[in-house]
Amino acid sequence: MLIDEAARVGTQTVPSHIPPELVVPYDMLRVSGPMDDPFTVMRSFKEKARIFYTPVHFSNPTGAWVLTRAEDIRAALQNPGLFSSKGVSGFSRLLGESWDMIPLELDPPAHTKFRALLNPLFAPNKIAKMQDGVRESCIALIEALKAKPDCEFMQDFGRPFPVLIFLQLMGLPAEDFDKVLEWEELLLQGKTMEARIGAAAAIRDYLRDLAQARREHPVDDLISFAVQAKVDGEMLTDDEILGICYLLFVGGLDTVASSLGFYFKYLAEHPEQQRLLRDNNALIPDAVEELLRVHSVVMVSRFLTADAEFGGVAMKKGDCIAIYMTFASYDAEEIEQPETVDFARVPNRHVAFSFGPHRCIGSHLARRELVIAIEEWVNRVPHFEVKPGADVRMHGGVVFGVDSLPLTWNGQG
Ligand code: HEM
């Protein structure tokens, strides 16, 4: 999620119980290297050790253990009693506050109760009802850009598309689009910590005001649902409502935008795969599963609640664990020929949406957005490729992303 600059300065001391040979002195949040593709760089770390220790990690000033095997990753994600999610995001800390992102920063049993409350809002039948709105937003953006011979994909489509869907999901007015997009960009990509904190505060105030307005005049939307909901017979507190809405803001925007960036970069660079999807739209849902696997953009953290021997390593209570989903999605123990991108791969055991109790609640919505985006692009825009000589910029971090992706469809028909 948010990268705290203080965690990057490299002055941290690795705790004394970490064996020096397991320390990989590399800023995992700034993964850059060959072609600056963060996935390529991350995969090169797999050879270091089954589990190694990075001295730089955003949610812990003394670093984190990094798990590289799918088996270990699933075991940790499945065991919230030992691997706690409390305090992993750092968003409220950034504002000098202490509310949790809900349900992300809760452990069972509280997590289970909030998940049960929210699950029906994201169930497949609910999301199916959003399908027409998702497609309309997608088509509107594409029709606005396709008259030109090229575009900057992230700016013209990748970032605005999920914001339009977020407004629909939350029941927010379309005129709030510009400010929500600006806050989202500043919060996650802002050049200075001040800019990020400013955006974090603006989003908090906006969501708090909205909750108050819906409390006074409830309508049929997600925030009205939250202000009227009860857990254990009690109305939710202001902080709980904020924690839910804030999480949907950060959880549903950057992840989809980043995924779209990597998928469209891949399709632009692989004309034969793009043609396959153009000629047969029915392949797109399976292609999206494979693109989710090869571009599992999210890294999550956990804190150990007790001393434990895990994966052959002695860990201590309070140690932080960094779980890059991309390691599991490329593990040859589970995935046959993980380096091959196979749109017909079945079964496809990726963990792009995590695993265990915190598995992404928005996965049905995300899949719809990703499938519809590819369908409408290949059906409306001629063959597209990366603009010759253009600078494609990507970044690593908590959500791997694409900063700029200039595309052109000037070449072939
Ligand atoms: C391609 C897009 C997406 C990816 C790759 C993704 C990935 C993830 C991952 C890896 C987690 C697990 C975090 C953890 O284990 O600590 C997660 C949780 C979550 N995601 Fe997503 N997500 C995506 C889209 C969305 C969307 C569209 C929404 C909602 C609008 C959403 C809402 C959430 C929420 C609320 C959680 C917390 C669930 C819990 O803690 O029980 N996500 N997501």
Side-chain angles (χ1 to χ4, degrees), residues 1 59 67 73-74 76-80 83-91 100-119 121-123 126-127 130 134 158 161-172 180 184 222-223 226 243-263 288-289 291-303 320-329 350-374 398-402:
M1 303 242 160
S59 54
L67 314 184
I73 286 174
R74 285 179 203 276
L77 292 171
Q78 190 71 294
N79 184 356
F83 295 90
S84 167
S85 293
K86 190 80 191 144
V88 290
S89 90
F91 273 98
D100 292 315
M101 296 268 252
I102 294 178
L104 187 81
E105 294 184 287
L106 301 180
D107 294 325
H111 174 266
T112 319
K113 292 176 191 168
F114 278 93
R115 231 359 240 247
L117 176 75
L118 296 173
N119 273 340
L121 302 177
F122 291 89
K126 276 274 179 199
I127 299 306
M130 287 181 67
V134 174
F161 178 47
V163 170
L164 288 171
I165 309 313
F166 175 74
L167 295 180
Q168 286 172 35
L169 175 74
M170 301 297 280
L172 302 177
V180 172
E184 194 254 347
L222 204 149
I223 302 182
I244 291 172
C245 297
Y246 215 107
L247 173 58
L248 294 175
F249 192 105
V250 293
L253 297 185
D254 198 31
T255 49
V256 177
S258 301
S259 302
L260 286 169
F262 285 110
Y263 301 2
V288 164
E289 288 313 301
L291 290 166
L292 277 160
R293 181 186 73 79
V294 289
H295 300 108
S296 297
V297 292
V298 176
M299 183 268 280
V300 303
S301 302
R302 297 290 189 263
F303 287 101
C320 187
I321 319 292
I323 302 176
Y324 289 83
M325 300 304 168
T326 190
F327 280 133
S329 292
H350 67 75
V351 292
F353 292 119
S354 191
F355 187 74
H358 289 280
R359 192 182 177 285
C360 180
I361 204 171
S363 62
H364 302 297
L365 176 59
R367 283 190 168 109
R368 273 223 185 201
E369 292 179 57
L370 298 168
V371 168
I372 288 174
I374 297 179
V398 183
V399 179
F400 288 12
V402 176

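Whatever order the structure lists ligands and atoms in, that order sets their numbers, starting from 1.
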In short, salt bridge (Lys or Arg N to Asp or Glu O under 4.0 Å) pairs touching residues 251-262 with sequence neighbours left out are Arg159-Asp254
The ring pair (Phe, Tyr, Trp, His ring centres under 6.0 Å) partners of Phe249 (sequence neighbours excluded) come to Phe166
Go ahead and list the nitrogen or oxygen contacts between ligand 1 and the protein that come in under 3.5 Å, distances to 0.1 Å, or just say none.
from: ligand 1; atom 1: 15 (O); to: Arg302; atom 2: NH2; distance (Å): 2.8
from: ligand 1; atom 1: 15 (O); to: Ser354; atom 2: OG; distance (Å): 3.0
from: ligand 1; atom 1: 16 (O); to: Arg302; atom 2: NH1; distance (Å): 2.9
from: ligand 1; atom 1: 16 (O); to: Arg302; atom 2: NH2; distance (Å): 3.3
from: ligand 1; atom 1: 40 (O); to: Leu104; atom 2: N; distance (Å): 3.4
from: ligand 1; atom 1: 40 (O); to: His358; atom 2: ND1; distance (Å): 2.6
from: ligand 1; atom 1: 41 (O); to: His111; atom 2: NE2; distance (Å): 2.7
from: ligand 1; atom 1: 41 (O); to: Arg115; atom 2: NH1; distance (Å): 2.8
from: ligand 1; atom 1: 42 (N); to: Gly251; atom 2: O; distance (Å): 3.4

Across all chains, not counting sequence neighbours, the salt bridge (Lys or Arg N to Asp or Glu O under 4.0 Å) partners of Lys113 are Asp232
Requested in this report: State, with a plain yes or no, whether a side-chain heavy atom of Tyr246 is found less than 4.5 Å away from one of Ile102.
Outcome: no
Side-chain touch Met299/Thr326, heavy atoms, less than 4.5 angstrom: no
In terms of heavy-atom contacts, Leu106 and His358 come closest through O-CE1, 3.1 Å
